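Some notes on the structure that comes next.
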Amino acid sequence: MEAPRSLADPVVTLRLATPADVPAIEVLYSGLSPASQRMRFSTCVSDALLARAAALGDRFDAVVALDGERVIGEARLDTHPGGAHEFAVTVADQAQGRGVGAALLDALREHANDLGIVTLRAQVRIDNVPMLVLLRRVGAVIVLVSGGDVVLDIASDRQMPSWPAHAATAKVLVETPGLAEHAITTALRSAGYDVRQCGGPTSGRREPCPLLDSGRCRLAQDADAIICLLPEGGESSAIVASHALHRPESLAAGFALSRR
């Protein structure tokens with residue numbers, strides 16, 4: 001596996017992990033500072049739990065970043081069929097700021113796409129701003145804010161993530177800029193809707209908005225309602241025009257909270 005273009009450091013190489021890498025991944029985890037451990041695991045954890053977290057086996061695949069022979073980063077994906085395919089990215093403290101995290105994420109998405117996995121999910125601490133910004137740059141959408149964590153979905157390709165295969169409630173796409181959950185998103189979710197919040201094309205994406213680039217957005221095409229709260233003008237107006245053209249019956253200025 002060659003290093004993705006997002007990795008500017010030519011010394012670092014990326015490859016798929018093997019069971020032989022598990023001890024080095026455990027060393028990576030245990031060498032994190034207390035602050036970095038909290039960002040990765042939501043709290044500081046024991047050595048025994050770190051050893052369990054480093055395991056691969058049949059359920060987890062991982063990509064590792066190496067500086068020489070030393071593992072300085074890892075991105076892992078739950079490949080188990082059914083449910084959410086959760087992923088996480090870990091970078092050694094001394095290697096942060098070198099583009100390693102972005103490169104690992106790109107490589108993990110490529111691997112997931114090769115496996116036929118479209119939607120990847122991350123649970124991120126709300127104060128882990130670098131990770132939230134990294135995910136927003138590849139088109140992450142907010143699924144849920146719970147306590148001090150944000151649950152986000154990304155796609156393995158350059159499109160958008162998809163809705164669950166069998167959604168039990170009406171699906172509402174809310175488009176609004178920023179990393180914070182909008183009050184309308186919160187209200188809709190509290191009313192029982194399945195909601196995804198997208199930051200739109202002006203949210204710092206480093207990949208083009210799929211709706212503007214190809215006219216296709218998995219979330220928009222399968223939503224029961226679309227609420228666009230993006231600022232007027234520019235690409236935002238093009239987003240609204242595309243919704244009005246392709247999904248006029250779903251585009252709404254508001255949505256009745258009483259509907260289930």
Side-chain angles (χ1 to χ4, degrees), residues 3-4 6-9 11-15 17 21-56 59-78 84-109 120-154 177-181 197 199 203-206:
S6 57
L7 182 54
D9 193 334
V11 176
V12 177
T13 58
L14 304 180
R15 62 168 171 78
D21 293 310
V22 170
I25 295 171
E26 186 178 345
V27 169
L28 168 68
Y29 289 171
S30 62
L32 296 173
S33 66
S36 292
Q37 271 199 13
R38 284 193 295 272
M39 291 299 120
R40 171 60 176 84
F41 299 104
S42 292
T43 184
C44 290
V45 296
S46 67
D47 290 342
L49 288 176
L50 288 177
R52 288 174 56 189
L56 292 174
R59 180 159 186 161
F60 291 98
D61 284 0
V63 177
V64 288
L66 300 101
D67 189 342
E69 297 298 319
R70 185 167 59 94
V71 173
I72 61 169
E74 180 236 23
R76 66 175 45 222
L77 174 68
D78 185 340
H85 294 283
E86 296 189 359
F87 73 95
V89 178
T90 308
V91 178
D93 286 71
Q94 65 271 24
Q96 293 175 14
R98 293 164 58 182
V100 175
L104 283 166
L105 181 60
D106 284 348
L108 192 70
R109 291 170 71 203
L120 287 63
R121 177 163 294 181
Q123 182 168 326
V124 184
R125 281 175 58 116
I126 204 165
D127 56 347
N128 191 351
V129 176
M131 187 62 179
L132 292 174
V133 170
L134 174 61
L135 295 179
R136 178 56 63 86
R137 287 175 179 167
V138 297
V141 295
I142 295 174
V143 176
L144 177 66
V145 177
S146 177
D149 293 333
V150 186
V151 178
L152 306 104
D153 282 352
I154 63 172
L179 287 168
E181 183 175 85
Q197 180 177 301
S203 59
R205 292 183 63 115
R206 64 175 171 82

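Just so we're clear, the structure is a prediction, and the values are computed from it rather than from any experiment. In what follows, residues are counted from 1 in the order of the sequence shown.
Rounded to the nearest 0.5 angstrom, N128 CG and Q123 CD are separated by 12.0 Å. To the nearest 0.5 angstrom, I142 atom CD1 is 6.0 Å from L152 atom CG.
Remark: L50 pairs with Y29, S30, Q37, F41, V45, D47 by the side chain to side chain contact (heavy atoms under 4.5 Å, CB included) rule, at least two apart or across chains. Taking the side chain to side chain contact (heavy atoms under 4.5 Å, CB included) definition, one finds that D61 meets it with T79, H111, L115, sequence neighbours left out.
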Ignoring hydrogens and angles, write down the donor-acceptor pairs under 3.5 Å from the side chains of residues 84-95, residues two or more places apart or on other chains.
residue: H85; atom: ND1; partner: D78; partner atom: O; Å: 2.9
residue: T90; atom: OG1; partner: R40; partner atom: NE; Å: 2.7
residue: D93; atom: OD1; partner: S33; partner atom: N; Å: 3.1
residue: D93; atom: OD1; partner: S36; partner atom: OG; Å: 3.3
residue: D93; atom: OD2; partner: S33; partner atom: OG; Å: 2.8
residue: D93; atom: OD2; partner: S36; partner atom: OG; Å: 2.9

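Here the closest non-hydrogen pair linking C44 and P34 is SG-O, 3.7 Å. Between A54 and R76, the closest heavy-atom pair is O-NH2, 3.0 Å. Of all non-hydrogen atoms in L104 and E74, the two that sit nearest each other are CD1-N, 3.4 Å. Of all non-hydrogen atoms in L14 and A65, the two that sit nearest each other are CD2-CB, 3.4 Å. What you find for L135 and A122 is that their closest heavy atoms are CD1-CB, 4.0 Å.
Within the 4.5 Å cutoff, no side-chain heavy atoms of V27 are placed close to those of V71. Residues V151 and S146 form no side-chain contact, since every pair of their non-hydrogen atoms from C-beta on lies 4.5 Å or further apart. Considering only heavy atoms from C-beta on, L132 stays 4.5 Å or farther from R136 through its side chain. Taking the side chain as every heavy atom from C-beta outward, I154 and L105 approach each other to under 4.5 Å. In this structure, D67 and R98 have side chains that are in contact, with non-hydrogen atoms separated by less than 4.5 Å. Counting heavy atoms from C-beta outward, R15 and V63 have side chains that stay 4.5 Å or more apart.
A donor-acceptor contact shorter than 3.5 Å links the side chain of Q197 to the backbone of A180. The closest donor-acceptor contact from the side chain of R38 to the backbone of R125 lies at 3.5 Å or more, if one exists at all. A side-chain donor-acceptor contact under 3.5 Å links S46 to the backbone of L49.
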* side-chain contact (heavy atoms from CB on, under 4.5 Å) between L28 and I72, worked out -> CA-CA 7 Å; L28 168 68; I72 61 169; 5.5 Å; no
